[in-house]
Amino acid sequence: MPSARAISTAVLLSTATLLSCSLTACAPAAQDGGRGGDGGGTATDAQDEDRFREQSLDWRDCPAPSPVQGGGESPAPLPDGTRWQCATMRAPLDWKEPAGKSIGIELIRARSSGDADDRIGSLLFNFGGPGGSGVTALPGLAPDYDKLRSRYDLVSFDPRGVGDSQGVRCMDPDAAEEAEGDTTPDDGRDETEALTDFLREIAAACERNSGDVLPFVGTTEAARDMDLMRHLLGDEKLHYFGISYGTQLGGVYAHLFPERVGRAVLDGVVDPTHDMMEKALGQAGGFQLAFEHFAAWCTRQRCTLGDDVQAIVDTAVELGAALDDAPLTTSGGGELDGDEFTDAITGALYKRDYWPALLVGLEAAARGDGDVMLDLAQELAQRGAGGDTDDGGTDDDTDESNENDAFRAITCDDSSDRYTLADVAERLPEFVAASPLFGPSLAWGTLACTGWPVPGEAEHPEVSAPGAPPILLVGNTGDPATPYAGAARMAERLGEGVGFELTYDGEGHGAFDSGNPCVRRAVTSYLIDGKLPTSGTVCEAEPMPEGK
């Protein structure tokens, strides 16, 4: 067997793109057709909102993404020559005070490739997070949605607080990395106090640098922005594709504007019944199950990590603990510690294509070679894995994007949960029981909003949408980040006749992104032809290729 370093991590990873996920909580304001946040909008409020509804979008060729969006080059034209267009939409900073300040929301689109007479409208995407730039994400993911472009313009956006849409800024990334310390403290009072001190420092920096927008970046406000987009794009109904956190955003939109929902798909569905602690505990079980599925595949490859699933789990737990005490120095001068080790495993479980790289990296780490696992952690963080396990954005990305800051700001605007060290200590045994490998980091991650200067809205989002048309919910039985049970609970909360479930019996986060032909046919048929799959449909994953 060749050395781990001889196998290129980049090759092992393939070219797939991770989808973000976070299960934050919010409670939208009372349904009022978009007139004010408290259901008591006045005629003056309506007139003030009209100035936003009367604007026209000035579409232009897209520039290169800004550093805060993640940087890179201008999006290349699609294979048929279609050029990407960008525009800035003005929206109220505070939807309850539409006469006040306004902000710019950045949009991107690719026009439909079909005949104008066949065009259904615009299909709006949110790929998850929260915190990821939709303006930078859509061009890279567009090939997956090419069939949908035959009937729709493909549209995405930077939600408020994200990227160039009044992006939240907190602490300089390099300074944050230096100050962060251990995010899973296990050595007593000093480490736990250092963690909470760091979280308060981050919160103070967010208030200092972005205090004017922090109260207004929640999911409710983003949903109201989407309804304004729908109007300005010329659609009577909002046609929507939400993934991971995007399913929460879609559910909140349906609650606020049930009569304006068009054809909507929610993939990798957030559980709207969970508060932050319950969500994190559910994810601990989800990631543990996904790792056990990986371990079962590993045994079929005759990997050297253990003879059975439990032995492989024990090996990973022991390696992580050992790396906490004595990190491995890598050939490039880096260091693989317990946090990086867990980050690499977590990120690789988001997509089954990454399993071979994870196998090689784990075997190498067991031999004292941390190169591949460190490469894996860094590569997946660059692709968007950082923050996906809802660790409060305390990973060590050092780029200039504001994804981590936006993640924290949106999460803490939505969730009213403010946990203490005592809360975590009390629940920590449950997390360890659910997953000795992932439980501790997810438990400590519930402190993400410690010291946050803005009160959150509620423990969980309100998504009830009586009167809305059917919304297709796609649940994945092996999903680590949004466990399968969330789809059924979302269907129940949306209401009778609204949530319609499709099951993908597979691995990784989400279903459409897996490329599974059955899932893609069902979703495409619904969005193009309005035909829901047969009730109880289960799409089976294709067999995992054998061999390292």
Side-chain angles (χ1 to χ4, degrees), residues 19-26 123-128 145 148 219 223 226 237-258 260-274 279 282-283 286 460-514 516 518-541:
L19 299 176
S20 299
C21 154
S22 167
L23 310 177
T24 57
C26 81
L123 182 62
L124 187 63
F125 289 84
N126 182 283
F127 298 105
Y145 308 106
L148 300 176
T219 300
M226 292 203 307
K237 305 285 186 179
L238 180 76
H239 307 296
Y240 180 72
F241 200 136
I243 301 163
S244 194
Y245 162 79
T247 68
Q248 175 175 310
L249 179 57
V252 169
Y253 180 90
H255 171 70
L256 290 172
F257 308 104
R260 299 178 191 169
V261 175
R263 297 175 188 174
V265 174
L266 307 183
D267 180 12
V269 185
V270 165
D271 188 332
T273 70
H274 280 176
K279 166 199 58 182
Q283 284 190 320
H460 50 75
E462 177 55 71
V463 299
S464 62
I471 296 173
L472 180 59
L473 312 177
V474 189
N476 180 352
T477 60
D479 197 314
T482 52
Y484 177 61
R489 291 177 182 144
M490 177 68 83
E492 181 181 2
R493 286 300 175 95
L494 285 169
E496 185 176 356
V498 179
F500 189 96
E501 294 181 69
L502 170 69
T503 294
Y504 172 52
D505 188 7
E507 306 293 344
H509 180 38
F512 193 90
D513 182 58
S514 72
N516 180 265
C518 171
V519 171
R520 292 208 167 176
R521 281 195 302 270
V523 170
T524 301
S525 178
Y526 172 61
L527 289 172
I528 295 293
D529 301 318
K531 297 179 180 178
L532 289 164
T534 302
S535 179
T537 296
V538 177
C539 292
E540 301 283 349

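For reference, positions follow the sequence shown, starting with 1.
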Asks: Locate the shortest heavy-atom distance separating Pro469 from Val498; write the atom from each residue and the value.
Replies: O-CG1, 3.7 Å
Asks: What residues form a side-chain hydrogen bond (donor to acceptor under 3.5 Å, both in side chains) with Thr273, not counting sequence neighbours?
Replies: Asp271
Asks: Could you check if a side-chain atom of Val538 sits within less than 4.5 angstrom of a side-chain atom of Leu502, using non-hydrogen atoms only?
Replies: no
Asks: Just by distance, no angles: are the side chains of Glu462 and Ser464 close enough, under 3.5 Å, to form a donor-acceptor pair?
Replies: yes
Asks: Taking only distance into account, with no hydrogens and no angle test, what donor-acceptor pairs under 3.5 Å do side-chain atoms of residues 518-527 form with protein atoms, sequence neighbours excluded?
Replies:
from   : atom 1 : to     : atom 2 : distance (Å)
Arg520 : NE     : Phe512 : O      : 3.0
Arg520 : NH2    : Asp144 : OD1    : 3.3
Arg520 : NH2    : Phe512 : O      : 3.0
Thr524 : OG1    : Arg520 : O      : 2.7
Tyr526 : OH     : Pro470 : O      : 2.7

Asks: Could you pull out the closest heavy-atom pair between Ala223 and Leu249, with the gap in Å?
Replies: N-CD1, 3.7 Å
Asks: Do you know the tightest heavy-atom contact between Asn126 and Gly128?
Replies: OD1-N, 3.0 Å
Asks: Are Val474 and Leu266 side-chain neighbours, meaning at least one heavy-atom pair lies under 4.5 Å?
Replies: no
Asks: Which atom pair, heavy atoms only, marks the closest approach of Val463 to Val252?
Replies: CG1-N, 4.0 Å
Asks: Measure up the Tyr253 and Phe257 rings against each other and bin them: parallel (under 30°), tilted (30 to 60°), perpendicular (over 60°).
Replies: tilted
Asks: Side-chain contact test, heavy atoms from C-beta onward, threshold under 4.5 Å: evaluate it for His460 versus Lys279 and give yes or no.
Replies: no
Asks: Are Tyr145 and Phe241 close enough that some pair of their side-chain heavy atoms sits under 4.5 Å apart?
Replies: yes
Asks: Working note: Asp513 + Ile243, criterion side chain to side chain contact (heavy atoms under 4.5 Å, CB included); need CA distance, chi angles, decisive distance, verdict.
Replies: CA-CA 10 Å; Asp513 182 58; Ile243 301 163; over 6 Å; no
Asks: With distance as the sole test, does His239 use its side chain to make a donor-acceptor pair with the main-chain N or O of Gly262 at under 3.5 Å?
Replies: no
Asks: The criterion is side-chain contact (heavy atoms from CB on, under 4.5 Å); which residues satisfy it with Ala264, sequence neighbours excluded?
Replies: Tyr240, Val261, Ile471
Asks: Please find the pair of heavy atoms, one from Pro483 and one from Gly282, that lie closest to each other, and give the distance.
Replies: CG-O, 3.6 Å
Asks: Can you tell me which residue pairs pass the salt bridge (Lys or Arg N to Asp or Glu O under 4.0 Å) test with a partner in residues 239-251, sequence neighbours excluded?
Replies: none
Asks: Minimum heavy-atom separation for Pro258 and Pro466, please, with both atom names.
Replies: CB-O, 3.7 Å
Asks: Kindly indicate whether the side chain of Thr482, heavy atoms from C-beta on, has any atom under 4.5 Å from the side chain of Val269.
Replies: no
Asks: Side-chain contact, heavy-atom cut-off 4.5 Å: Pro461 with Gln248?
Replies: yes
Asks: Verify, without hydrogens or angle tests, whether Glu501 (side chain) and Leu473 (backbone) share a donor-acceptor contact under 3.5 angstrom.
Replies: no
Asks: Determine which pairs satisfy salt bridge (Lys or Arg N to Asp or Glu O under 4.0 Å) with at least one residue from residues 524-540, sequence neighbours left out, and list them in order.
Replies: none
Asks: What residues form a side-chain hydrogen bond (donor to acceptor under 3.5 Å, both in side chains) with Asn476, not counting sequence neighbours?
Replies: none
Asks: Do Ser244 and His509 have side chains that get closer than 4.5 Å, going by heavy atoms?
Replies: yes
Asks: Within the structure provided, determine whether Tyr504 and Asp267 are in side-chain contact (heavy-atom separation under 4.5 Å).
Replies: no
Asks: Roughly how far, to the nearest 0.5 Å, is CG of Leu123 from CZ of Arg263?
Replies: 10.5 Å
Asks: Looking at CG of Asp479 and CD of Gln283, how far apart are the two atoms once the value is rounded to the nearest 0.5 Å?
Replies: 9.0 Å
